[in-house]
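Below, read A as the first sequence line, B as the second, and so on, with proteins coming before strands; counting in each chain starts at 1.
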There are 2 protein chains.
Amino acid sequence: MNVLEKIVNSVNSFSKSERKVADVILANPQITIHSSIAALAKMADVSEPTVNRFCRRLDTKGFPDFKLHLAQSLANGTPYVNRHVEEDDGPDAYTAKIFESTMAALDAARQNVDIITINRAVDVLTQAKKISFFGLGASASVAHDAQNKFFRFNVPVVCFDDIVMQRMSAINSSEGDVVVCISHTGRTKNLCDIATIARENDATVIGITAQDSPLAKECTLVLSLEVPEDTDMYMPMASRVAQLVLIDILATGFTLRRGSKFRENLKKVKDSLRGSRFDKKDYHG
Amino acid sequence: MNVLEKIVNSVNSFSKSERKVADVILANPQITIHSSIAALAKMADVSEPTVNRFCRRLDTKGFPDFKLHLAQSLANGTPYVNRHVEEDDGPDAYTAKIFESTMAALDAARQNVDIITINRAVDVLTQAKKISFFGLGASASVAHDAQNKFFRFNVPVVCFDDIVMQRMSAINSSEGDVVVCISHTGRTKNLCDIATIARENDATVIGITAQDSPLAKECTLVLSLEVPEDTDMYMPMASRVAQLVLIDILATGFTLRRGSKFRENLKKVKDSLRGSRFDKKDYHG
DNA sequence: GACTTTCATGTAATTTAATTACATCGGAAT
DNA sequence: ATTCCGATGTAATTAAATTACATGAAAGTC
């Protein structure tokens, strides 16, 4: 609960003088955060220690700490909460909601991500003989994206969104190969099979999926993303955005691990793109 | 602009010691707001006046005022700042940075997105005889994802990542068809051609691309995303996440526009998936 | 109804934090 | 090589916040 709400809620438990302080703060919160305790005391017509006691009553360490909390309450930043789109939302409303809930999802994912496992996954990927990305449905595009990224690293990388091809590829895998299986729910049967087959053929299987899911059980390493999204009911949105960010993280870790001389490879790939694009200056003016 | 962004932006104009201060603050912003100037100076291994001068350089009145501003920047719980990954970042550092800069990018995109054009795009899409999604490279996965989404709406939808197929498809388009061209830079020659061809064949061309780019010039409707990312130099990361969110927005607008009876279609698609998945309860306990 | 106790509040002293003024060091330019 | 300027640190000063203590008002007790 933020401090402003707290003040409003506990207004009854205040003494007479404390109430005067509360009134002044609620009336001009912006001024308060730029005032000294002396100035505020004068405004509220109470003594400085009274203001200090008021701050302590609100579980802050003192007046400066209180101002910090107040400043945060007043920050005009957007509350990044998961707001669901409603039937009668206009374009402005649903646009805002989708942006916000995506950001909220990323924030949640960020807080729950397991760095140690990420690091281990990067380890495994950098040592891979061959990397395969498999996904179905919405996760197929994530797999494609991953292929696009890792392809730049000059590592054998494949990506299939066809069950049969995935299966064949998994059967042909061997020790040193890394198979990345992507599924938000972790309950896609075909993909679980792929993971099992790959493991039986001594490949390392990294799962980008839900913790404790059937798929997770088949994986060597599980990168779970805690994104509260029910893809049984709704279209996958935030979940696959989080997956993509995770791919970015793995790719970045890969790049850093390989060291600076390896980065010439990246430059080559970039240079190769130049011919296919209009020059940046071409269209100015 | 919030203080955190300001620090990141003006990192070049800092002196050596000021930079040390900036680094410490960016590394532990939450700790900073609860530290005294002495503690922070010690952490950064500089003198107290240096910290003070640093605060002044950022147009704050002094250290306490700076903390206030910082607190407001952090109010959402997350510092949404575009921070670049450095050579010697550990997994925790680059993971945090990538999450944060992605969120920052979404925040920027959200603030600059043009709702009116979005609404018009939804208009056009709902009335389309056929929808085609075209992208190359990283944008190809975005196109795939879009296909996956719009496919659920029971509308003829195609997606090609092959230049020849794209070209043939564009040539065969006609009035009432909608072609969506996706490119962050808007300078991919082949895609510009596709847009031109599609327009010549009376299709409506929606561009998800940079404002005023060569591609934008060929489009009927331009949905521009202001994501500061140089994909000539770096791998596309935040840019394509923003594109995906835009796709989500268009898909959502589409769903809402079609009204409630249409949503039975979505249910059908969802139900069809059930057989391919393990039941939610299957793996509990 | 006077006395005591307790709680709220204010005054003044103390401590802590932040700022300013000044000195010193190092690097760039002459 | 010397001088000058900017950056940085040290020490003094000032400002702010907190603590300790004193006063006064209200409630309860004899």
Side-chain angles (χ1 to χ4, degrees), chain A residues 3-4 6-7 9-74, chain B residues 3 6-74:
Chain A
V3 196
L4 270 172
K6 217 167 189 171
I7 296 175
N9 285 340
S10 41
V11 83
N12 306 312
S13 69
F14 289 149
S15 72
K16 202 165 57 179
S17 301
E18 281 170 342
R19 211 193 159 121
K20 282 201 264 181
V21 177
D23 288 344
V24 170
I25 292 170
L26 291 174
N28 357 296
Q30 278 297 345
I31 294 170
T32 303
I33 57 172
H34 292 113
S35 305
S36 68
I37 194 168
L40 183 60
K42 205 174 159 191
M43 279 197 278
D45 192 32
V46 297
S47 71
E48 300 179 25
T50 299
V51 175
N52 198 282
R53 282 186 279 261
F54 172 87
C55 297
R56 291 241 167 82
R57 186 172 292 270
L58 292 155
D59 299 316
T60 62
K61 288 183 78 180
F63 184 68
D65 189 47
F66 169 80
K67 284 205 292 187
L68 244 34
H69 280 96
L70 185 61
Q72 297 202 324
S73 302
L74 294 175
Chain B
V3 196
K6 219 169 190 170
I7 296 175
V8 176
N9 285 338
S10 42
V11 83
N12 305 312
S13 69
F14 289 150
S15 71
K16 203 165 57 179
S17 300
E18 282 170 342
R19 212 198 156 120
K20 282 200 264 182
V21 178
D23 287 344
V24 170
I25 292 170
L26 290 175
N28 0 304
Q30 279 294 345
I31 293 170
T32 303
I33 58 171
H34 292 113
S35 304
S36 68
I37 193 167
L40 183 59
K42 205 174 159 191
M43 280 198 275
D45 192 33
V46 298
S47 71
E48 300 180 24
T50 299
V51 175
N52 198 279
R53 281 186 280 260
F54 172 87
C55 298
R56 292 245 165 83
R57 187 172 290 268
L58 293 156
D59 300 316
T60 61
K61 289 182 79 180
F63 183 70
D65 188 46
F66 169 80
K67 284 205 291 187
L68 244 34
H69 281 97
L70 186 60
Q72 297 203 322
S73 301
L74 296 173

Enquirer: What nucleotide, of C:dG10, C:dT11, D:dG9, holds the atom closest to the side chain of A:Pro49?
Expert: C:dT11

Enquirer: Check whether any side-chain nitrogen or oxygen of B:Ser47 sits under 4.0 Å from OP1 or OP2 of D:dT10, and answer yes or no.
Expert: no

Enquirer: Rounding to a whole Å, what distance do you find between A:Glu48:CD and D:dA15:C1'?
Expert: 11 Å

Enquirer: At less than 4.0 Å, is any side-chain N or O atom of A:Thr50 found next to OP1 or OP2 of C:dA8? Yes or no.
Expert: no

Enquirer: Name the residue closer to the 5' end of DNA chain C, choosing between B:Lys16 and B:Phe63 according to the nucleotide with the nearest heavy atom.
Expert: B:Phe63

Enquirer: Are any side-chain N or O atoms of A:Thr60 and backbone N or O atoms of A:Asp65, one a donor and one an acceptor, separated by less than 3.5 Å?
Expert: no

Enquirer: Any donor-acceptor pair under 3.5 Å linking the side chain of A:Lys67 with the backbone of A:Ser35?
Expert: yes

Enquirer: Has B:Glu48 got a side-chain atom pairing as donor or acceptor with B:Ala38's backbone, closer than 3.5 angstrom?
Expert: no

Enquirer: What residue among B:Ile25, B:Val51, B:Thr50, B:Asp45 forms side-chain contact (heavy atoms from CB on, under 4.5 Å) with B:Lys20?
Expert: B:Asp45

Enquirer: In whole angstrom, what separates A:Lys20's NZ from C:dG10's C1'?
Expert: 11 Å

Enquirer: Does A:Ser15 put a side-chain nitrogen or oxygen below 4.0 Å from OP1 or OP2 of C:dA8?
Expert: no

Enquirer: Quick one: sort the B:Phe54 and B:Phe66 rings into parallel, tilted or perpendicular, breaks at 30° and 60°.
Expert: perpendicular

Enquirer: What's the closest nucleotide to the B:Ser17 side chain, out of D:dT8, D:dT18, C:dA18?
Expert: D:dT8

Enquirer: Distance check needed: D:dC21 P versus A:Arg53 CZ, whole Å only.
Expert: 14 Å

Enquirer: Using atom CD of B:Glu18 as one end and atom P of D:dA7 as the other, report the distance to the nearest whole Å.
Expert: 8 Å

Enquirer: Tell me: CG of A:Asn52 to P of D:dT18, nearest whole Å?
Expert: 4 Å

Enquirer: Could you state the CG-P distance from B:Asp45 to D:dT10, rounded to the nearest angstrom?
Expert: 10 Å

Enquirer: Can you tell me if B:Arg56 touches the phosphate of C:dA18, counting only side-chain N or O atoms and a distance under 4.0 Å to OP1 or OP2?
Expert: no

Enquirer: In whole Å, what is the span from the CG atom of A:Leu68 to the P atom of D:dA17?
Expert: 12 Å

Enquirer: Taking atom P of C:dT19 as reference, at what distance in whole Å does atom CG of B:Leu40 sit?
Expert: 12 Å

